[in-house]
Amino acid sequence: MNRYGVFDVIGPIMIGPSSSHTAAAARLGKVASTICGKPIKKVTFLLHGSFAKTYKGHGTDKALIAGILGMEPSDHNLRNSFEISKNKGLEVEFVETDLGDDVHPNTVKFLMNTTDSDIIEVMGSSIGGGAIKITEVAGCSVDFTGQYPTLIISNKDIPGSISAITNIIYEHNINIATLKVYRVQKGQTASMLFELDNNLPKEALDEIRAVPSVYKAILISPESKEV
């Protein structure tokens, strides 16, 4: 069952004509930038379905860039995101494409080229009313909406990794709403995705990052960027 609050029913405070194409697009861009976690020099936006057909008229292009720059949907600078990104040296490209029949019609795939020559891929969808869903990170299928504080961990797939992380979360009196584990091959790199009832304090995140099996840990807050 979908979880909706009064904010979702009334509708998001935003700049732009459409919650699905503007507010959600800004949220998608901001989450993608947070997942990337590095300075970005170029973003290629692969636009699918109705995003591809209407992105200019509905301001989806401006909103996606604004999100990458860290703006909220209500930021009045959203309408100037092209100029701001140019001044910051951020190169952007929009490509209309087909991401497959099983993909939501309001979907975008971010190809983010970082300043250290890495390429980070994130795919997500606008699912209505300004809400979003992230469905792919670095080629791995995921499923989270960003409605809860979300902890994403890349780790070595060895025994004890999950218990080490959950113990730290427990010690800081944070309840885990959902936990999902992803891996491509046994004993290689795996991913954990925690949706939490409360934000994780910085000291807890530092403890998690210090766990020997953890390669990377980021916290996505519904109201802020990475901690």
Side-chain angles (χ1 to χ4, degrees), residues 15 22-47 51 55 59-95 97 107-126 132-140 142 144 146 149-156 182 189 191-194 199-211 214-227:
I15 304 298
T22 310
R27 291 194 177 100
L28 284 167
K30 189 171 183 181
V31 171
S33 176
T34 301
I35 292 172
C36 178
K38 299 179 181 180
I40 302 169
K41 64 181 180 181
K42 179 182 178 180
V43 185
T44 301
F45 303 94
L46 303 182
L47 302 171
F51 263 10
Y55 72 95
T60 305
D61 48 359
K62 295 179 180 179
L64 288 169
I65 295 172
I68 291 290
L69 294 172
M71 297 182 196
E72 297 288 347
S74 58
D75 196 318
H76 288 274
N77 280 322
L78 186 150
R79 58 173 63 92
N80 302 315
S81 61
F82 271 97
E83 293 80 3
I84 295 170
S85 64
K86 185 177 180 180
N87 292 336
K88 289 181 176 291
L90 175 65
E91 184 180 351
V92 298
E93 180 182 11
F94 292 89
V95 178
T97 190
T107 295
V108 55
K109 189 169 188 176
F110 302 83
L111 306 180
M112 294 169 284
N113 295 73
T114 66
T115 54
D116 62 359
S117 300
D118 201 359
I119 299 176
I120 308 296
E121 298 184 13
V122 174
M123 185 162 73
S125 305
S126 164
I132 66 170
K133 179 184 285 189
I134 302 298
T135 55
E136 187 179 298
V137 175
C140 295
V142 297
F144 71 93
T150 303
L151 176 66
I152 303 176
I153 295 173
S154 174
N155 62 285
K156 188 175 182 180
Y182 308 88
T189 300
S191 298
M192 301 182 222
L193 193 153
F194 296 82
N199 242 336
L200 199 66
K202 186 178 185 304
E203 54 269 28
L205 189 58
D206 290 340
E207 290 175 31
I208 290 170
R209 287 170 173 162
V211 173
V214 170
Y215 299 131
K216 182 179 181 181
I218 60 173
L219 179 65
I220 299 171
S221 166
E223 297 180 354
S224 62
K225 292 203 66 169
E226 178 187 2
V227 176

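Only a predicted model underlies this, so the values are computations on that prediction, with no experimental measurement involved.
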Non-hydrogen atoms of I119 and N113 that approach each other most closely: CG1-ND2, 3.7 Å
Interatomic spacing from CG in D75 to CG in N77 - rounded to 0.5 Å: 5.0 Å
V142 side chain reached by Y182 side chain, heavy atoms, under 4.5 Å: yes
side-chain contact (heavy atoms from CB on, under 4.5 Å) evaluation trace for T97 with K109: CA-CA 10 Å; T97 190; K109 189 169 188 176; over 6 Å; no
T189 side, atom OG1; K216 side, atom NZ - distance, nearest 0.5 Å: 12.5 Å
Where T60 and A25 come nearest, the two heavy atoms and their spacing: CG2-CB, 3.9 Å
Check against side-chain contact (heavy atoms from CB on, under 4.5 Å), I65 and I84: CA-CA 9 Å; I65 295 172; I84 295 170; over 6 Å; no
Gap between atom CG of D206 and atom CG of L200 - 0.5 Å precision: 9.5 Å
Rounded distance (nearest 0.5 Å) linking atom CD1 of I132 with atom CG of L28: 4.5 Å
Atom of T107, atom of S125 and distance for their closest heavy-atom approach: OG1-OG, 2.7 Å
Shortest non-hydrogen contact from S221 toward N199: OG-ND2, 3.4 Å
Any L64 side-chain heavy atom under 4.5 Å of Y55 side chain: no
Under 3.5 Å: donor-acceptor pair, side chain of S33, backbone of G29: no
Heavy-atom check, side chain of L151 versus side chain of I208, under 4.5 Å: yes
Test log, rule side-chain contact (heavy atoms from CB on, under 4.5 Å), inputs V122 and V108: CA-CA 8 Å; V122 174; V108 55; over 6 Å; no
Side chains of K38 and T115 in contact at under 4.5 Å (non-hydrogen atoms): no
Check: S85 and L69 side chains under 4.5 Å, non-hydrogen atoms: yes
Shortest non-hydrogen contact between L90 and K42, atoms and distance: CD1-N, 3.9 Å
Distance in Å, L46 CG paired with F110 CZ, rounded so as to fall on 0.5 Å steps: 10.0 Å
Interatomic distance, L219 atom CG to R209 atom CZ [nearest 0.5 angstrom]: 8.5 Å
Polar side-chain atom of S81 near backbone of K62 as donor-acceptor pair, under 3.5 Å: yes
Within-4.5 Å side-chain heavy-atom neighbours: I220 and F144: yes
Side-chain touch I120/T114, heavy atoms, less than 4.5 angstrom: yes
Reference residue E121; test side-chain contact (heavy atoms from CB on, under 4.5 Å); the match among L111, I35, T44, V137: L111
Mutual orientation of the aromatic rings belonging to F94 and F82 [parallel < 30°, tilted 30-60°, perpendicular > 60°]: tilted
side-chain contact (heavy atoms from CB on, under 4.5 Å) evaluation trace for F51 with S126: CA-CA 9 Å; F51 263 10; S126 164; 3.8 Å; yes
Minimum-distance pair of heavy atoms, taken over all atoms of N155 and Y215: C-CE1, 3.5 Å
